[in-house]
J.: 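Got a structure for you, questions after.
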Amino acid sequence: MTTIPPPVLIVRLDAIGDAVTTVPLIAALRRYGMRIGAVLTDRNAELFAHGALDVVYVSQDGELRPALPFGAYGAAL
């Protein structure tokens with residue numbers, strides 16, 4: 001039986017260059033068929049190619065948009 005890995009949430013609330021360093025991680029997780037969400041600053045929200053991330057949550061003024069659903073991710077990095 002094939003198991004579906006739980007989605008992973010990547011949190012990067014820092015500068016653009018630091019967020020870019022997650023590209024190899026995203027590529028590795030994608031190779032294993034994982035779904036990936038990311039919490040990014042408003043500066044970095046458009047940084048990644050369309051389709052690289054399943055969901056992007058934008059952190060602005062201490063709030064996330066859209067709201068992060070409770071229990072939606074199996075791991076956070």
Side-chain angles (χ1 to χ4, degrees):
M1 173 170 55
T2 303
T3 59
I4 299 171
V8 173
L9 180 67
I10 298 171
V11 180
R12 291 307 305 232
L13 298 174
D14 42 18
I16 289 174
D18 296 317
V20 169
T21 64
T22 62
V23 170
L25 171 64
I26 292 167
L29 294 173
R30 283 288 188 211
R31 273 191 297 255
Y32 289 97
M34 299 187 83
R35 291 177 292 145
I36 306 167
V39 177
L40 302 169
T41 62
D42 56 342
R43 308 184 295 276
N44 297 340
E46 301 295 323
L47 180 66
F48 296 94
H50 179 73
L53 301 166
D54 295 300
V55 180
V56 173
Y57 302 94
V58 179
S59 174
Q60 190 173 26
D61 301 325
E63 292 186 32
L64 287 181
R65 293 183 184 94
L68 184 64
F70 179 77
Y73 294 92
L77 308 169

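Starting from 1, each residue takes its place in the sequence as its number.
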J.: For Val58 and Asp42, work out which heavy atoms get closest and say how close.
T.: CG1-CA, 3.7 Å
J.: Any chance you could measure Leu77, atom CG, to Leu25, atom CG, to the nearest 0.5 Å?
T.: 6.0 Å
J.: Mind checking who shares a hydrophobic cluster with Val39, ILVMFWY linked at side-chain heavy-atom distances under 4.5 Å?
T.: Leu9, Val11, Leu13, Val55, Tyr57, Leu64, Leu68, Tyr73
J.: Before you tell me yes or no, could you show the steps for Leu40 and Phe48 under side-chain contact (heavy atoms from CB on, under 4.5 Å), namely the whole-Å CA-CA distance, both residues' side-chain angles and the distance that decides it to 0.1 Å?
T.: CA-CA 10 Å; Leu40 302 169; Phe48 296 94; 3.8 Å; yes
J.: Rounded to the nearest 0.5 Å, what separation is found between the CG atom of Leu53 and the CD1 atom of Ile26?
T.: 4.5 Å
J.: If you look only at pairs with a residue in residues 5-23, which of them pass as a side chain to side chain donor-acceptor pair (under 3.5 Å), with sequence neighbours excluded?
T.: Arg12-Asp14
J.: Under a 4.5 Å side-chain heavy-atom rule over Ile, Leu, Val, Met, Phe, Trp and Tyr, are Tyr32 and Ile4 clustered together?
T.: no
J.: What pair of heavy atoms forms the shortest contact from Gly33 to Pro5, and how long is it?
T.: O-CG, 4.2 Å
J.: Would you name the heavy atoms of Asn44 and Ala19 that are closest together and state the gap between them?
T.: ND2-CB, 3.7 Å
J.: What are the two closest non-hydrogen atoms of Gly74 and Pro6, and how far apart are they?
T.: CA-CB, 3.7 Å
J.: Could you state the interatomic distance from CG (Asp54) to CZ (Arg30), rounded to the nearest 0.5 Å?
T.: 4.0 Å
